Amino acid sequence: MKSLATNLRRTLFAAICLLTIPGVASAAFLGASATIDQLTPGMSIGVNGYTFTDFKLTPTASVNHTPIPPENFSVTAIALPNDKVELKFQFPGVWKEGEFSEFVLDFTALAPQGYAFMEHGLSFGPVLFGDLSGNPYATIVEKVVPMDPNSTQAPYTLGVFSDPGFTQLVDSKPIVTPANKLQISKDIQIYGGNGDGPTRVVLTDFSQTFMGVVPEPTTIGLAMIGLIAVTAVRRNRG
């Protein structure tokens, strides 16, 4: 009895500590929006069961590089109809003639419990150009790796280009084998141009949408058939 009372006191003390220490249970979740400097390792954002974590911003350009301050780079998760969610990335800036930025943004996307990613899309928000003679541009080339024990899909890429000479928008991509986890790496480049007259790029934001699905009815049906078969076998044995 004495040991039982001691264990109960210890359990009660531990519970009180968890309740009185701020943020112990939810310290890793920052809500629906945060800046990159807040999204340190272990921190995440999300909405409607979708979770986005493991953010990392790495500058890769050195010549005439215009840095992106992490405290000015925000990420917001927005709930959409039909089991979709949008990530909106905002880092407003102006790139003038000769100015160039390149950085890699890595993060992990997790589908809600019981869901799997079916497709996702990538698109630029407004990209405004000045004098186009110097061919300024903004691009995103993204590598996606479906991380799931049942997924057979190889890594693939999405590309978004805003360029006076070449425009390509791949705004959605189906996932062959739905996966509940995606590892995403974006290589983002912005160039203000190098023409005879003034050139510039004004970039406001870019977005990414994710769509999740519940298991297919056929999968559920097969599971029910299996359960019925197991039950019947047990009854026969009994």
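None of these values were measured; they are calculated from a predicted model.
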Undergrad: Hey, does the side chain of Thr209 reach the backbone of Glu86 with a donor-acceptor pair shorter than 3.5 angstrom?
TA: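 Side chain of Thr209 to backbone of Glu86, a donor-acceptor pair under 3.5 Å: no, none is there.
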
Undergrad: Which heavy atom of Ala32 sits nearest to which heavy atom of Ile45, and what is that distance?
TA: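 Shortest heavy-atom separation between Ala32 and Ile45 comes out as O-CD1, 4.0 Å.
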
Undergrad: With a 4.5 Å heavy-atom cut-off, do Val141 and Phe161 have their side chains touching?
TA: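 Contact flag for Val141/Phe161 side chains = yes.
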
Undergrad: Phe210: which residues meet the ring pair (Phe, Tyr, Trp, His ring centres under 6.0 Å) condition with it, sequence neighbours left out?
TA: Phe52, Phe117, His120

Undergrad: Determine, using ring centers only, whether Phe103 and Phe91 are less than 6.0 Å apart.
TA: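 Aromatic pair counts; centres sit under 6.0 Å.
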
Undergrad: Is it the case that one hydrophobic cluster holds both Leu203 and Ile188, taking links as side-chain heavy atoms less than 4.5 Å apart, direct or via other members?
TA: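 They do share one cluster, since a chain of ILVMFWY contacts under 4.5 Å joins Leu203 to Ile188.
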
Undergrad: Measure across Gly42 and Ala28 and return the closest heavy-atom pair with its distance rounded to 0.1 Å.
TA: O-CB, 3.1 Å

Undergrad: Find out whether Pro92 and Thr204 are in side-chain contact, i.e. whether some heavy atom of one side chain is under 4.5 Å from a heavy atom of the other.
TA: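 Sidechains of Thr204 and Pro92: no contact.
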
Undergrad: Closest approach of Val160 and Leu122, non-hydrogen atoms and distance?
TA: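 Looking at all heavy atoms of both residues, the closest pair is CG2-O, 3.5 Å.
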
Undergrad: With rounding to the nearest 0.5 Å, note down the distance linking CG in Leu80 to CG in Asn48.
TA: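 It is 9.0 Å, given to the nearest 0.5 Å.
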
Undergrad: In Å, rounded to the nearest 0.5 Å, how long is the span from NZ of Lys88 to CG of Asp205?
TA: 4.5 Å

Undergrad: Check for me, please, whether Ile140 and Leu87 land in the same ILVMFWY cluster - side-chain distances under 4.5 Å, paths through other members count.
TA: yes

Undergrad: Tell me whether the rings of Phe89 and Phe107 are parallel (<30°), tilted (30 to 60°) or perpendicular (>60°).
TA: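 Tilted: the ring planes of Phe89 and Phe107 meet at 30° to 60°.
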
Undergrad: Heavy-atom count check: over 12 atoms from other residues, nucleotides or ligands less than 6.0 Å from Glu71 CD?
TA: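 Yes - once you tally the heavy atoms of other residues, nucleotides and ligands closer than 6.0 Å, there are more than 12.
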
Undergrad: Between the side chain of Thr53 and the main-chain N/O of Met43, is any donor-acceptor distance below 3.5 Å?
TA: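 Confirmed, Thr53 side chain pairs with Met43 backbone.
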
Undergrad: Give, for atom OH of Tyr191 and atom CG of Asn135, the distance between the pair rounded to the nearest 0.5 Å.
TA: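 Rounded to the nearest 0.5 Å, the OH-CG separation comes out at 8.5 Å.
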
Undergrad: Which pair of heavy atoms, one from Val202 and one from Val94, lies closest together, and at what distance?
TA: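 Here Val202 and Val94 meet closest at CG2-CG2, 4.1 Å.
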
Undergrad: Let me check something: do Ile184 and Val145 share a hydrophobic cluster, defined by ILVMFWY side-chain heavy atoms less than 4.5 Å apart, either directly or through other members?
TA: no

Undergrad: Closest approach of His65 and Pro59, non-hydrogen atoms and distance?
TA: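 Smallest heavy-atom distance, with atoms named: NE2-CB, 3.9 Å.
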
Undergrad: Is any side-chain heavy atom of Lys181 less than 4.5 Å from a side-chain heavy atom of Thr108?
TA: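 With C-beta onward as the side chain, the pair touches.
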
Undergrad: Indicate the atoms forming the closest heavy-atom contact of Val201 with Pro136, along with that distance.
TA: CG2-CB, 3.4 Å

Undergrad: With distance as the sole test, does Tyr156 use its side chain to make a donor-acceptor pair with the main-chain N or O of Ile175 at under 3.5 Å?
TA: no

Undergrad: Can you measure from NZ (Lys186) to OG1 (Thr157) and round to the nearest 0.5 angstrom?
TA: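 Between Lys186 NZ and Thr157 OG1, I get 12.5 Å after rounding to 0.5 Å.
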
Undergrad: Is there a donor-acceptor pair closer than 3.5 Å between any side-chain N or O of Tyr50 and the backbone N or O of Ala77?
TA: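 Not at all, since once roles are kept as given, no pair shorter than 3.5 Å links the two residues.
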
Undergrad: Membership question, hydrophobic clusters at under 4.5 Å side-chain separation (ILVMFWY): are Val144 and Val85 in the same one?
TA: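 Yes.
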
Undergrad: Side-chain contact test, heavy atoms from C-beta onward, threshold under 4.5 Å: evaluate it for Phe100 versus Thr66 and give yes or no.
TA: no

Undergrad: Is there a path of hydrophobic side-chain contacts, each under 4.5 Å between heavy atoms, that joins Ile78 and Ile36?
TA: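 Not linked; separate clusters.
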
Undergrad: Mind checking the CG-NZ spacing from Leu105 to Lys56? Nearest 0.5 Å is all I need.
TA: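 Separation between the atoms: 11.5 Å.
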
Undergrad: Find the distance between CG (Asp187) and CD (Glu142) and round it off to the nearest 0.5 Å.
TA: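 These two atoms lie 11.0 Å from each other.
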
